[in-house]
Amino acid sequence: MIARRSLVTAGGLALAGCASTPVGARLGRVVVVGGGFGGATAARYLKLWGGADVDVTLVERHERFMSCPMSNLVIAGARDLASISHGYEGLDAQGVRRVRGEVVAIDPVGRTVRLADGSRLAWDRLIVAPGISFMLDAIPGLAAALDSGRAVHAWQAGPQTAALRRQLEALPDGGVVLMSIPKAPYRCPPGPYERACLIAGYLKRAKPRAKLLVLDANPEIQSKKALFERAFVQHHAGVLEYRPNAELQEVLADGTARFEFEDVKADVLNLIPPQRAGDLVRDFANANRRWVGIDWLTLQAQAAPGVHVVGDAIMSASAMPKSGHLANQQAKLAAAAVLQLLKGEPVNPAPVVMNTCYSFVTPTEAMHVASVHAYDAAEKTMKAVPGAGGLSPAASEREGAYAQGWAENIWADSLAL
Amino acid sequence: MKAWCLTLLLCAGPTLAQDLDAGRNLAATCANCHGTNGRARGPLMPPLAGMKADLMLALLADYRRGAQPGTVMPQIVKGYTEAQLRLVAAYFSSLPAAQARP
């Protein structure tokens with residue numbers, strides 16, 4: 001992290017020099033916005049593959065990276081918050097210039113971003129990984145319930161994760177936990193069902209008379225359906241009750257959660273709001289005004305050439321979930337494309353990404369879904385390769401260990417740990 | 001003769017660089033589990049950096065035909081063409097071998 005003073009000086013010099021490319025970085029300047037799986041990986045791989053030839057600045061609001069994958073284990077008391085958090089020093093050591101701040105506006109024509117403090121950063125190429133924003137207006141009372149702490153989403157890891165953990169610990173035995181799942185698409189399709197399993201397991205151990213009610217706006221479990229159905233019965237029967245086709249309509253002032261066919265009063269409200277692309281890229285969200293359509297060869301926003309968007313904010317290709325794993329993979333495509341565009345070379349005509357999502361059904365047993373996605377030149381999109389990928393036959397402790405290993409490796413890969 | 005050499009160099013140069021980049025890009029899809037540039041964290045994942053290409057290709061072929069048991073690998077190896085796997089194996093074999101980090 002460079003100090004504000006030196007940042008201003010560096011910016012001033014660059015402006016004064018007018019060439020706008022720092023000495024040594026002959027390819028140009030790339031600004032990366034957002035330090036989650038997508039943004040951190042983009043910054044890391046730009047330096048890994050571009051070295052001193054490219055000047056990379058990462059702008060992130062938070063001092064530390066916080067992982068959504070593995071955060072459900074924190075909620076269940078099987079990991080602590082510190083263990084899913086990492087600093088950005090690894091990226092600093094790779095030569096990534098880091099600015100702690102919030103980008104509030106993107107100027108694709110003038111090729112700058114504006115920060116909340118009024119400062120600007122100029123770029124030759126911009127990579128934005130803004131993650132998700134919540135569509136709170138869709139559900140009256142939800143914003144107020146989240147603001148007051150009466151409800152928590154815990155769908156962006158950090159203080160919300162800790163808050164849900166605290167509320168579960170404070171739950172009286174015999175209490176009721178309500179989780180509501182929004183209509184797809186949302187971040188991490190299997191995530192809510194993993195959380196349901198882990199919360200139910202915690203309740204069974206610590207509050208044997210407590211109940212977890214899971215109301216899903218979708219008509220069925222959205223990922224690993226048969227495996228989760230088995231886990232619900234095998235491990236969590238009597239604690240966890242799951243109901244599909246139940247969309248949250250409103251949260252009343254007294255904390256009552258109103259669904260189409262029932263009102264639910266619960267001691268803990270874990271209400272996961274419907275989602276869209278992060279607010280920062282709202283102007284480029286041309287898919288249902290919700291997600292950013294991109295060109296899959298370069299990850300450039302269709303609505304803003306020069307602005308590359310990766311991660312949960314993009315309009316996913318068919319069968320491609322919104323996952324940290326894929327944000328990392330998309331970021332590598334974007335980094336490679338950006339370097340080639342800066343060099344004036346043709347971009348990779350045949351990009352490939354793959355996904356592995358592990359879900360825990362108990363604190364030690366996990367299962368996976370995996371897929372490989374290759375570019376289809378005729379349809380200009382990524383398509384799941386037929387015959388490839390698949391699911392675990394069953395959750396196992398072996399895959400639980402693999403899941404922990406996956407987390408260590410993807411954190412290290414994304415953050416240069 | 002001289003002109004022919006020059007032509008060969010001009011043709012070979014970009015092709016090799018493109019293959020290396022293609023291998024690099026494909027190999028980067030392995031990093032989430034196997035570590036950046038094949039240097040895995042933890043005891044579970046074999047370090048891929050420096051692995052001989054023939055050995056890696058034989059192992060991948062075994063995963064593909066079900067002769068090598070596994071969890072994720074037998075499923076995802078089918079998502080890559082033989083030519084892509086050769087590029088991946090060539091890339092990892094070109095890297096210096098590294099011990100797995102704790």
Side-chain angles (χ1 to χ4, degrees), chain A residues 37 41 44-45 48-49 323-326 328-329 331-333 335-337 339-340 345-346 348-356 358 366-374 384-393 396 398-399 401-414 416-417, chain B residues 13-49 60 63-66 69-88 91 94-95 98-102:
Chain A
F37 282 101
T41 303
R44 199 262 163 107
Y45 273 76
L48 185 69
W49 291 340
S323 72
H325 192 117
L326 275 167
N328 167 296
Q329 299 255 323
K332 291 166 185 170
L333 294 187
L339 290 170
Q340 272 156 328
E345 292 175 358
N348 176 9
V352 175
V353 293
M354 63 82 55
N355 183 57
T356 306
Y358 286 100
M367 58 216 190
H368 77 263
V369 59
S371 52
V372 183
H373 307 258
V385 180
L391 294 150
S392 308
S396 67
R398 181 186 181 203
E399 291 217 61
Y402 279 141
Q404 302 280 3
W406 169 87
E408 294 300 327
N409 276 292
I410 193 173
W411 291 336
D413 186 48
S414 303
L417 301 177
Chain B
T15 307
L16 286 173
Q18 277 166 16
D19 278 1
L20 210 59
D21 269 1
R24 180 201 75 180
N25 292 346
L26 288 163
T29 67
C30 311
N32 307 45
C33 299
H34 288 279
T36 309
N37 276 338
R39 289 172 173 77
R41 293 289 178 101
L44 295 174
M45 291 292 145
L48 304 180
L60 291 169
Y63 274 127
R64 188 191 288 273
R65 63 190 173 90
T71 55
V72 173
M73 277 311 301
Q75 297 173 351
I76 61 164
V77 72
K78 295 171 185 154
Y80 297 81
T81 65
E82 299 288 347
Q84 287 171 333
L85 293 182
R86 281 196 294 277
L87 288 168
V88 170
Y91 180 76
S94 77
L95 300 175
Q99 297 295 314
R101 291 177 61 179

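Being a predicted model, the structure only gives us computed values, none of them experimental. In the text below, chain A, chain B and the rest are named by the order of the sequence lines, each starting its count at 1. Values below: all heavy atoms of this structure, side chains included; hydrogens, waters and symmetry mates excluded.
Within the 4.5 angstrom heavy-atom criterion, only side-chain atoms of A:H368, from C-beta onward, approach chain B. Looking at B:A22, there are no atoms closer than 4.5 Å to chain A (heavy atoms on both sides), in backbone or side chain. With a threshold of 4.5 angstrom between heavy atoms, A:A374 does not approach chain B through any atom at all. Using a 4.5 Å cut-off between heavy atoms, A:Q404 does not touch chain B at all. With a 4.5 Å cut-off on non-hydrogen atoms, A:V352 touches chain B through its backbone and its side chain both.
Judged purely by atom type and a 3.5 angstrom limit, A:R398 has no side-chain atom pairing as donor or acceptor with the backbone of B:T71. With hydrogens and angles disregarded, no donor-acceptor distance shorter than 3.5 Å links the side chain of A:N409 to the backbone of B:H34.
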### Message
side-chain contact (heavy atoms from CB on, under 4.5 Å), that's the test. Do A:Y358 and B:V72 meet it? Break it down for me.
### Response
CA-CA 10 Å; A:Y358 286 100; B:V72 173; 3.7 Å; yes
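Listed by chain and number, the residues in a side-chain contact (heavy atoms from CB on, under 4.5 Å) with B:R64 are B:V77, B:K78, B:E82, B:L85 (sequence neighbours excluded). Every residue two or more places apart in sequence or in another chain that forms a side-chain contact (heavy atoms from CB on, under 4.5 Å) with A:A337 is listed here: A:T298, A:V347.
In this structure, B:Y80 and A:V385 have side chains that are not in contact, with every pair of non-hydrogen atoms separated by 4.5 Å or more. Side-chain contact between A:L48 and B:T36: present, with at least one pair of heavy atoms (C-beta onward) separated by less than 4.5 Å. B:D21 has its side chain out of reach of A:N348: every pair of non-hydrogen atoms, C-beta onward, lies at least 4.5 Å apart.
Contact record, A:A336 with B:N25: CB-OD1, 3.8 Å, taken as the closest heavy-atom pair. Nearest heavy-atom pair across B:A31 and A:K332 is CB-NZ, 3.6 Å. Of all heavy-atom pairs spanning B:I76 and A:A370, the tightest one is CG2-CB, 3.8 Å.
Of the listed residues (A:Q329, A:M354, A:E408), the one with the most heavy-atom contacts under 4.5 Å to chain B is A:Q329.
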